[in-house]
Amino acid sequence: MSYSKKVLDHFQCPRNVGELEDANGIGMVGNAKCGDIMQMFIKVNDDGIIEDVSFKTFGCGAAVATSSMATEMIKGKTIDEALKLTNSAVVEALEGLPPAKVHCSVLAEEAVKLAIEDYKKKKEEL
Ligand code: FES
């Protein structure tokens with residue numbers, strides 16, 4: 001099993017790590033099989049643009065790399081654009097993942113979607 005340079009780069013120097021204090025959408029997902037957990041924080045402005053995003057992952061290296069890449073891919077995008085982010089697009093941007101690790105990228109896609117759902121729900125409650 002080998003990892004692309006991009007995966008190693010995002011694993012060793014993950015982008016946008018930590019909690020966003022002024023996040024208005026938070027998504028948390030876990031994978032029951034491996035027990036890994038990922039949290040995604042987004043800050044959406046009044047124009048529906050994701051101004052800032054960060055993540056926290058208690059999980060494997062591929063989960064760290066895919067969440068890091070996913071944050072870069074949705075930053076500055078509208079929530080509608082971000083909803084279209086697929087795990088395969090993240091894998092492609094990372095120049096591939098070993099097949100046994102593709103499920104890790106699914107966590108990133110789901111965490112982004114849940115964070116956006118959370119944002120929409122909170123907005124309706126206002
Ligand atoms: Fe579970 Fe990677 S092994 S997220």
Side-chain angles (χ1 to χ4, degrees):
M1 190 153 79
S2 67
Y3 289 105
S4 75
K5 276 201 186 109
K6 280 233 163 126
V7 173
L8 293 174
D9 174 32
H10 277 266
F11 169 60
Q12 280 156 355
C13 310
R15 328 294 199 261
N16 310 310
V17 182
E19 221 162 293
L20 262 195
E21 279 187 10
D22 48 355
N24 51 11
I26 301 174
M28 184 162 118
V29 280
N31 181 298
K33 270 196 193 148
C34 63
D36 291 349
I37 295 169
M38 188 185 291
Q39 258 182 310
M40 197 62 78
F41 304 84
I42 54 172
K43 186 182 169 205
V44 184
N45 69 15
D46 293 341
D47 299 325
I49 291 170
I50 300 172
E51 259 183 10
D52 212 353
V53 48
S54 72
F55 78 94
K56 276 197 339 198
T57 294
F58 186 80
C60 72
V64 172
T66 47
S67 22
S68 166
M69 179 55 94
T71 60
E72 287 210 316
M73 291 172 82
I74 63 166
K75 199 169 181 171
K77 297 269 165 67
T78 65
I79 49 175
D80 289 337
E81 282 165 344
L83 277 174
K84 290 190 199 129
L85 181 79
T86 60
N87 75 301
S88 40
V90 178
V91 172
E92 209 174 293
L94 285 168
E95 292 167 359
L97 271 181
K101 287 287 172 183
V102 170
H103 79 270
C104 317
S105 65
V106 176
L107 282 188
E109 177 189 325
E110 285 177 352
V112 167
K113 293 204 158 89
L114 285 178
I116 294 172
E117 261 175 44
D118 183 50
Y119 160 76
K120 286 186 172 169
K121 212 167 70 199
K122 282 185 178 140
K123 210 176 153 204
E124 276 166 20
E125 285 165 5
L126 286 179

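When a ligand or atom number is given, it counts from 1 through the structure's own listing order. Treat the numbers as computed from the prediction; the structure is a model and nothing was measured.
A side chain to side chain contact (heavy atoms under 4.5 Å, CB included) with Thr71 holds for exactly one of Val17, Thr66, Val53; it is Val53. For the pairing with Lys43, the side chain to side chain contact (heavy atoms under 4.5 Å, CB included) check across Ile50, Asp52, Ile49 returns one residue only, Asp52.
If you check the side chains of Ser54 and Asn16, you find no donor sitting under 3.5 Å from an acceptor.
For atom 2 (Fe) of ligand 1, the nearby protein N/O/S atoms, meaning those under 2.8 Å, are Cys60 SG, Cys104 SG.
Asn31 and Leu107 make their closest contact through N-CD2, 4.0 Å (heavy atoms, listed as atom of the first residue, atom of the second, distance).
Residue pairs meeting the salt bridge (charged side-chain N to carboxylate O under 4.0 Å, His left out) criterion with at least one member in residues 76-90, sequence neighbours excluded, do not occur.
Within the 4.5 Å cutoff, side-chain heavy atoms of Glu117 are placed close to those of Leu114.
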